Amino acid sequence: MLTHIRHILCGLSAGLLTAVAMTAGEVPVYLDESRDIESRIDDALARMTTAEKVAILHAQSKFSSPGVPRLGIPGIWTTDGPHGIRPEVLWDEWDQAGWTNDSCVAFPALTCLAATWNPETALLYGRSIGQEARYRGKDVILGPGVNIYRTPLNGRNFEYMGEDPYLASRMVVPYIKGVQENGVAACVKHFALNNHERNRHTTNVIIDDRTLYEIYLPAFRAAVKEGGAWTIMGAYNLYQDQHLCHNSRMLNDILKGEWGFDGAVISDWGGTHDTAEAITNGLDMEFGSWTNGLSNGASNAYDNYYLAHPYLRKLQDGTADSRVLDDKARRVLRLIFRTSMNRNRPYGSLCSDGHYAAARQIGNDGIVLLKNDRKVLPLLTDSPKRILVVGENAIKMMTVGGGSSSLKVQREISPLDGIRAAASTCNATVDYARGYVGDVTGEYNGVVTGQDLTDSRTPAELIAEAVDKAAGADYVIFVGGLNKSAGQDCEDADREALGLPYGQDAVISALAKTNPNLVVVNVSGNAVAMPWVKEVPAIVQAWFLGSEGGNSVADVLFGKVNPSGKLPMTFPARLEDVAVHALTDNYLGTKRPDSDIWDAEYKEGVLVGYRWFDTRKIKPLFPFGHGLSYTTFAYGRPRVDRKKLLAGETLTITVPVTNTGDREGAEVVQLYVSDVKAPVVRPAKELKGFSKISLAPGETREVSFTISPEDLAYFDAAAHQWVTHPGKYQAHVASSATDIAATVPFTFE
């Protein structure tokens with residue numbers, strides 16, 4: 001009976017009262033939930049022992065931390081990842097727990113979300129994944145990621161939001177708000193400078209302050225200052241010779257000091273390395289696997305973590321300050337009261353029709369039409385047509401693999417299945433040829449796809465079959481690109497080269513010689529080389545699209561959806577055209593003698609992505625912001641409300657945009673600003689605004705952008721402040737970084 005009553009009382013922790021678990025003869029005490037969060041935190045802290053305060057700072061299992069059982073305060077349950085809710089694992093192991101009800105909806109990867117250029121879509125994404133997390137009893141989603149796309153070799157780029165800090169900032173804020181509407185914390189990662197995966201635990205980034213503040217921090221700052229993120233995850237790498245999970249400059253000075261972050265800093269799993277640094281340098285919660293120097297696989301070792309008994313001993317012998325402990329405990333309690341003890345949060349939902357519809361909509365909104373010569377797309381199916389689909393990526397499940405974002409899905413629609421379903425409604429027949437064999441495995445962390453992709457035929461035999469079938473087809477759709485295997489788009493590994501793997505270039509070229517109506521669908525989270533770009537009339541960038549991926553691909557190919565995505569990164573013609581690869585022989589940096597540390601100097605400074613290509617006048621394969629439509633748009637003459645901008649004022653530019661085609665479509669109108677004669681090195685132009693508008697045929701709408709002096713500023717490292725200097729500027733209205741519709745000059749005084 002006592003146990004039964006205790007369970008009931010503990011269940012009230014998310015209700016009106018929080019009960020103290022009782023032992024025989026103990027008088028129950030209650031935490032008053034009628035007060036505001038800060039008062040409740042004060043109340044809880046006053047009741048907690050030092051050992052209890054330390055206990056809530058570190059993990060108790062792979063993905064959870066303890067609360068305070070004596071006070072009925074629940075712990076925190078975290079989950080990967082940014083694209084879907086990870087399946088349950090065993091308490092102390094990465095192995096699957098074997099649940100049958102922990103499948104999820106896989107949403108498109110964050111590169112696809114960024115390619116929507118649509119904050120409303122980001123809000124839908126955050127709400128949907130937050131509902132899935134809430135239903136599964138999770139308190140923290142370990143995402144989204146906003147590390148800047150510095151090199152196309154970074155294996156984890158697919159988890160991030162592109163190369164531009166402004167675009168990432170505008171997309172991450174609604175994602176966070178959508179997640180946290182559900183009483184689930186977004187954990188924005190990886191703070192900061194985690195821009196490649198090889199040597200990620202031993203890379204020390206050398207970067208000037210101007211580049212840090214202008215390129216690599218803005219999206220994190222927006223997440224904190226505008227999105228109100230409740231947690232931040234530190235990165236694995238080092239900065240100023242301190243690991244970023246306990247880095248005084250980044251966590252204490254910038255995050256908590258300059259930005260006033262009131263949430264909890266969570267370590268990446270295994271990212272903590274030292275008790276003294278973890279105590280003093282801003283870390284609040286330690287998670288990970290065997291990060292405490294114990295033998296690999298030691299079970300229930302969490303009390304020996306750096307922020308566990310070693311911390312408690314320092315407090316007991318007086319070598320650690322209890323005020324620092326109280327600050328950490330306060331932040332963790334604030335997280336608990338916002339999530340697991342938030343009695344007003346909704347119940348959530350899992351694998352709902354609405355979530356599948358959201359996943360499909362996000363994919364439809366983010367697919368990018370890169371090329372469409374002769375208007376090969378959309379596929380014309382008003383009379384019977386024969387369609388050939390070629391490529392392993394047309395059938396391979398993409399939700400399993402890639403690292404911590406690997407998922408266990410309720411279902412995944414392949415591109416081949418999506419194309420067949422669409423074709424069945426319009427009198428078209430669909431055949432399939434393998435074309436190439438890539439990675440035939442289908443398992444990650446105990447989740448098995450169940451697909452048997454083995455094929456013993458030689459590359460020549462596979463190409464011969466594809467060419468033979470292509471000769472008799474009206475359309476050929478090649479679905480290839482990368483996958484989520486190590487060495488491609490995958491955590492803890494980078495790509496070896498910019499080119500496509502598995503001999504795909506030869507397959508594409510052979511198909512192009514055989515059939516003039518070839519469509520290449522590239523599935524990837526990264527830019528790839530396209531030596532066949534002039535041979536192929538139509539190219540579609542499809543990203544990793546999740547559970548509804550095949551339906552989204554088919555929606556665009558068959559014209560059910562007019563493509564409106566725009567590239568969130570530059571596609572280079574050659575790897576050597578990318579700034580970091582042009583300026584150094586090894587993007588990983590230089591290994592220190594007699595040390596495991598690699599020093600990676602960011603020599604390109606602020607000239608990252610299109611900033612480098614524009615300033616150095618390098619022609620990309622496809623520019624940042626590029627994306628075609630099945631209709632056409634015309635930009636009218638822009639109007640400006642003033643030619644001279646003064647401090648404290650704003651300037652408004654208005655441009656009419658008309659749909660000049662014969663079908664409805666959406667256009668992303670982009671605004672870039674140039675500093676005509678800067679006192680410092682500045683990019684040729686920088687993105688400062690965008691707006692996605694939908695127009696019916698013949699419809700005209702006006703799009704307005706507001707420019708403030710802050711939009712013109714650069715970071716003065718010596719003064720440690722943002723500076724806007726008087727002079728001449730230009731505002732460019734554009735449909736991509738290289739497609740400028742109009743330029744408006746103005747001055748700032």
Side-chain angles (χ1 to χ4, degrees), residues 48 50-68 73 75-80 89 91-94 139-142 185 187-191 194 200-201 230-238 242-248 250-252 255-256 261 263-315 319-322 324-336 339-340 404:
M48 291 169 63
T50 298
E52 288 170 338
K53 293 174 184 177
V54 171
I56 65 173
L57 306 185
H58 63 83
Q60 66 172 350
S61 74
K62 285 292 180 203
F63 285 101
S64 73
S65 64
V68 187
I73 298 175
I76 291 290
W77 285 88
T78 71
T79 182
D80 288 311
V89 299
W91 187 259
D92 286 316
E93 306 296 335
W94 291 111
D139 303 305
V140 179
I141 289 180
L142 304 175
C187 186
V188 186
K189 62 184 186 182
H190 302 91
F191 188 63
N194 191 170
R200 59 180 179 168
H201 294 277
W230 292 340
T231 58
I232 296 287
M233 180 185 288
Y236 279 134
N237 48 300
L238 300 90
Q242 286 182 350
H243 280 92
L244 281 157
C245 283
H246 36 77
N247 187 287
S248 184
M250 204 68 75
L251 301 181
N252 289 336
L255 178 65
K256 296 179 178 179
F261 176 63
V265 174
I266 295 177
S267 76
D268 203 342
W269 269 232
T272 311
H273 300 269
D274 182 85
T275 294
E277 288 193 5
I279 293 171
T280 59
N281 292 354
L283 181 64
D284 299 311
M285 300 184 76
E286 178 185 359
F287 285 86
S289 304
W290 319 307
T291 59
N292 50 5
L294 299 181
S295 60
N296 191 41
S299 184
N300 289 315
Y302 305 100
D303 283 342
N304 293 303
Y305 275 21
Y306 295 107
L307 283 184
H309 282 174
Y311 188 9
L312 183 59
R313 287 193 291 269
K314 285 182 174 292
L315 289 160
T319 58
D321 190 337
S322 62
V324 175
L325 172 64
D326 282 350
D327 179 71
K328 295 181 188 297
R330 178 178 293 277
R331 291 173 180 273
V332 175
L333 287 169
R334 188 177 291 122
L335 174 62
I336 291 171
T339 58
S340 61
S404 60

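Keep in mind that the numbers below use all heavy atoms, side chains included, and drop hydrogens, waters and symmetry copies. Owing to the predicted nature of the structure, the values given are computational and were not obtained by experimental measurement. When a residue number appears, it is its place in the shown sequence, counting from 1.
Distance check, rounded to the nearest 0.5 Å: OG1 of Thr339 to CD1 of Ile141 gives 12.0 Å. Rounding to the nearest 0.5 Å places CD of Gln60 at 10.5 Å from CG of Asp303. Within the model, atoms OG1 of Thr79 and CG of Leu142 stand 6.5 Å from one another, a figure rounded to the nearest 0.5 Å. In this structure, the separation between OG1 on Thr272 and CD1 on Ile266 is 11.0 Å, given to the nearest 0.5 Å. Between Leu244 atom CG and Leu283 atom CG the span is 11.5 Å, to the nearest 0.5 Å. Considering NZ of Lys53 and CG of Leu315, their distance stands at 9.5 Å, rounded to 0.5 Å.
Tyr305 places none of its side-chain heavy atoms less than 4.5 Å from the side chain of Leu57. Side-chain contact between Val54 and Leu307 is absent, with no heavy atoms from C-beta onward closer than 4.5 Å. Considering only heavy atoms from C-beta on, Met285 stays 4.5 Å or farther from Thr231 through its side chain. Looking at Ile279 and Tyr306, their side chains never come closer than 4.5 Å, going by heavy atoms from C-beta outward. The shortest side-chain heavy-atom distance between Lys328 and Tyr311 falls under the 4.5 Å cut-off.
Scanning for side-chain hydrogen bond (donor to acceptor under 3.5 Å, both in side chains) contacts around Asn252 gives an empty result, with sequence neighbours left out. Under the side-chain contact (heavy atoms from CB on, under 4.5 Å) criterion, Leu251 pairs with Phe191, Leu255, Val265, not counting sequence neighbours. Taking the side-chain hydrogen bond (donor to acceptor under 3.5 Å, both in side chains) definition, one finds that Arg331 meets it with Asp327, sequence neighbours left out. With sequence neighbours excluded, the residues forming a salt bridge (charged side-chain N to carboxylate O under 4.0 Å, His left out) with Lys256 are Asp284, listed by chain and number. With sequence neighbours excluded, the residues satisfying side-chain contact (heavy atoms from CB on, under 4.5 Å) with His190 are Asn147, Arg156, Tyr160, Asn194, Met233, Ala235, Asp268. Residues passing the ring pair (Phe, Tyr, Trp, His ring centres under 6.0 Å) test with Tyr236 are His201, sequence neighbours excluded.
The two residues Ala59 and Pro66 come nearest to each other via the heavy atoms C-CD, 4.1 Å. Residue Leu312 comes nearest to Ala51 through the heavy atom pair CD1-CA, 4.1 Å, listed as atom of the first residue, atom of the second, then distance. In terms of heavy-atom proximity, Ala264 sits nearest to Leu335 at CB-CD2, 4.4 Å. Across all non-hydrogen atoms, the minimal contact from Ile232 to Cys187 is C-SG, 3.8 Å. Shortest non-hydrogen contact noted between Cys245 and Gly271 is CB-O, 3.3 Å. Across all their heavy atoms, Asp274 and His246 have their closest contact at N-NE2, 3.7 Å.
Using the six-membered ring where Trp is involved, His273 and His243 have ring planes that are parallel, under 30° apart on the 30 and 60° scheme.
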side-chain contact (heavy atoms from CB on, under 4.5 Å) between Tyr302 and Ser65, intermediate numbers included: CA-CA 10 Å; Tyr302 305 100; Ser65 64; over 6 Å; no
side-chain contact (heavy atoms from CB on, under 4.5 Å) between Met48 and Leu333, intermediate numbers included: CA-CA 11 Å; Met48 291 169 63; Leu333 287 169; 3.9 Å; yes
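The backbone N or O of Ala276 sits less than 3.5 Å from a side-chain atom of Thr280, completing a donor-acceptor pair. Between the side chain of Thr319 and the backbone N or O of Lys314, at least one donor-acceptor pair lies under 3.5 Å.
The ring pair (Phe, Tyr, Trp, His ring centres under 6.0 Å) test with Phe63 singles out one residue from Phe287, Trp77, Trp94, and that residue is Trp94.
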